[in-house]
Amino acid sequence: MSIGQDQRLAVAAVLDGLGPGPELDAVLEELSAAALSGEDLAAFLRACARQQARVEARTLTAMHHLGRARAGSTERYSGYDEFSGDEVAAVLCWSRSMAARKLGLADDLEVRLPAVGEAVWEGRLDVVRASRLCEWTRDVPDDLARHVAEVLLPVAASLPIGELIDRIEQVVIELDPDWAARREAKARRNGRLILQANPSGTATLSLVDVAATSGLAMRDRVDALAAAVRGLGVLTPIGVLRKEVAERLLDGSLAGLDDRAVAVLLAAEYHAPGDDPGPDDPGPEGPSDGGPDGGPGDGGPSDGGPSDGGPSNGGPSNGGPSDGGPGGSGRPNDRLGGGEPEPEPSQRSGGSDHGDSGEGAGPGQGLLDLPGLLGEPEPFPRLLDGAEPGPGRVRAGVGELRLRLSTALGLDDLPGQVPGYGIVLARHARQLLERHRLGEWRVVCTDDQGRLQHVLLARRRPAHPRARPGPRGSECRAIVELHVPTTLLAALHPADHGRWAALLVELQARLAELPREGGPPAATAADFSRRRPRVEIDRWTRVRDRCCVAPACRRRAQASDLDHTVDHAWGGPSLDWNLGVLDRHHHRAKHHGGWTVHQPAPGLFRWRTRAGIAHTTRPRKILVEPVAPRPASAPRPLPDDGPAWADDDHPDWRARYLRRTGLAELEVTAPAAHPADDPPPF
């Protein structure tokens with residue numbers, strides 16, 4: 001088929017209507033990307049991706065047959081062996097490890113998950129997503145893996161890669177929660193600590209297969225301490241600062257100090273006398289973005305929650321470009337490494353937007369509040385004179401937890417989610433719920449289709465005999481979202497749920513006062529004049545959007561900005577229908593990158609990129625219908641993911657871990673008498 005002159009007016013429609021194959025290839029040969037623009041260019045790219053999927057599917061099929069081929073015959077060996085990869089490696093000049101990985105993918109698409117292979121052949125799924133489906137179900141029994149593919153194939157092509165991985169883990173747990181729990185327990189028994197040398201001369205320390213609750217607790221403690229150090233005027237990029245805190249906690253140099261002493265000590269090292277930047281060091285520059293809406297006098301929201309205490313004001317986030325960004329060396333002290341981030345509003349002198357420096361601080365550093373370092377002798381010297389500061393105290397971090405209220409009540413075992421981390425088993429979610437009982441609890445009510453109706457801020461907590469004293473929220477800034485259909489919440493009998501009874505009574509009483517159809521908080525006159533939204537509007541918008549609303553972005557809402565769709569400087573009100581969650585990069589794309597966005601309905605965003613391509617992002621469901629369990633007649637076998645401590649003659653577990661995490665490519669050799677990772681005396 002060729003595109004005639006009359007058809008060139010509808011290039012996008014022609015290309016989108018063709019599946020991969022010779023006809024599409026002929027059309028693509030006639031066109032030149034340099035002669036296309038806007039939607040036609042987007043359709044051209046989509047067509048190329050479909051055709052590429054067909055080519056890659058054919059290539060993987062060829063590898064599948066070559067790995068089992070017999071000389072001079074079309075008969076094949078029954079399966080792969082250690083020499084199968086040599087055939088592919090020799091033809092394509094690959095390493096054996098790379099050939100083995102590709103053969104594994106080819107075998108999955110041909111034998112284990114043929115439906116996924118068919119989707120790639122038909123151009124409905126790209127190889128990257130297909131490989132994730134194969135990789136993240138590799139230790140799953142074959143029948144369970146095929147069920148996962150059956151559930152996710154209709155939507156896999158529209159999901160960002162990270163969200164697809166989360167959905168794979170979620171569906172696996174929903175299909176067979178007992179098997180998932182046994183897999184997790186076995187993996188924890190095989191846990192290890194690995195120190196890996198890097199080519200740069202640095203090292204990577206990894207704790208492998210710790211319990212999810214323990215891993216999140218370690219992260220939250222490091223995040224909270226890093227936030228405390230950042231709040232003392234330390235301008236080290238937050239990612240580097242987290243690393244420094246974790247390193248110092250583990251190397252023993254902070255033994256015996258409580259959290260406050262740790263924060264003051266690390267800040268003191270950063271601000272050590274004589275280490276300030278010299279006159280030729282320009283110091284950190286203030287942000288060039290005048291505000292989220294690009295208008296005059298718009299100071300810009302922080303990356304945090306309603307009280308603006310998020311990552312850019314000293315609170316931790318999940319890393320990424322906005323967490324510190326590139327910068328020169330310029331650090332005052334070698335103990336706290338890294339470049340120079342943009343100073344935050346809370347670190348500027350007198351609330352100035354220009355980074356004025358204070359007395360005793362380096363250029364652009366801002367005023368400091370360090371007891372004992374700026375003329376006050378106490379209490380900092382006491383921390384170093386041998387006095388006993390008291391035992392260390394585990395701080396609660398600023399993590400998030402999302403789970404169904406029915407799971408919290410023990411009515412089901414559906415998995416929970418920790419934004420920025422992933423899916424957790426139901427029992428781990430309940431443990432995290434207890435840990436975050438002093439945080440902010442949001443009860444998110446939905447209609448029967450899982451769409452947002454109400455957001456209630458819970459005042460009560462389930463009774464707990466070992467609850468810590470003190471006012472709620474004094475030590476925990478975690479955010480808990482309990483999801484529940486409004487009809488289910490109204491139907492629950494509080495007396496049937498023991499220590500949850502008081503909370504359920506409160507929620508049902510408040511629910512009866514709300515409109516049946518639900519909706520955001522009512523607008524007030526002040527919402528049309530004030531720049532920052534009320535805390536209720538902020539909370540509703542972040543719950544509604546779930547993550548950044550830019551196309552294909554999934555940065556979590558609590559680590560992103562709130563943007564006025566119509567700039568506040570141009571009269572845009574601070575109401576939900578004029579607000580949306582944007583991460584810092586896409587916020588800048590809107591104001592400085594030539595992207596435009598409209599919000600014709602609350603939560604519905606229509607984008608137009610600087611290339612002229614239109615994208616639409618729609619409100620997400622709060623609750624997705626869970627997959628019905630598929631129990632087996634007998635317990636499904638657990639993956640052979642490595643030996644227990646008593647069986648260290650097979651180092652396969654290490655190779656699999658390194659390949660999965662991408663830390664290194666390690667070719668597995670024959671078992672050694674003394675494995676390299678377990679030298680004497682172990």
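Residue numbers start at 1 and run along the sequence shown.
- Taking Arg516 as the reference, nothing meets the side chain to side chain contact (heavy atoms under 4.5 Å, CB included) condition, with sequence neighbours excluded.
- Salt bridge status for Asp108 with Arg112: present, with a side-chain N to carboxylate O gap under 4.0 Å.
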(message) Please determine whether salt bridge (charged side-chain N to carboxylate O under 4.0 Å, His left out) holds for the pair Arg404 and Asp412, giving the CA-CA distance in whole Å, both sets of side-chain angles, and the decisive distance to 0.1 Å.
(response) CA-CA 9 Å; Arg404 295 173 182 253; Asp412 57 53; 5.8 Å; no
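- Looking at Gln453, its side chain never comes within 3.5 Å of a backbone N or O of Cys445 through a donor-acceptor pair.
- In this structure, Arg427 contributes its side chain and Ala181 its backbone to no donor-acceptor pair below 3.5 Å.
- Side-chain N or O atoms of Arg435 include one that pairs as donor or acceptor with a backbone N or O of Thr213 at under 3.5 Å.
- Judged by distance alone, the side chain of Ser574 and the main-chain N or O of Arg531 form a donor-acceptor pair under 3.5 Å.
- Legend: residues meeting side chain to side chain contact (heavy atoms under 4.5 Å, CB included) with Arg46, ordered by chain and number and at least two apart, are Asp16, Ala42, Ala43, Arg50.
- Side chain of Glu174 to main chain of Val627: a donor-acceptor pair is present (N/O by atom type, distance under 3.5 Å, no hydrogens or angles).
- Under a 3.5 Å cut-off, the side chain of His598 and the backbone N or O of Leu604 do not form any donor-acceptor pair.
- A donor-acceptor contact shorter than 3.5 Å is absent between the side chain of Arg636 and the backbone of Asp178.
- With Arg555 contributing its side chain and Cys548 its backbone, the two residues share no donor-acceptor pair below 3.5 Å.
- Listed by chain and residue number, nothing satisfies the side-chain hydrogen bond (donor to acceptor under 3.5 Å, both in side chains) test with Gln508 (two or more places apart in sequence, or in another chain).
- In this structure a side-chain-to-backbone donor-acceptor pair under 3.5 Å is missing from Gln170 to Pro415.
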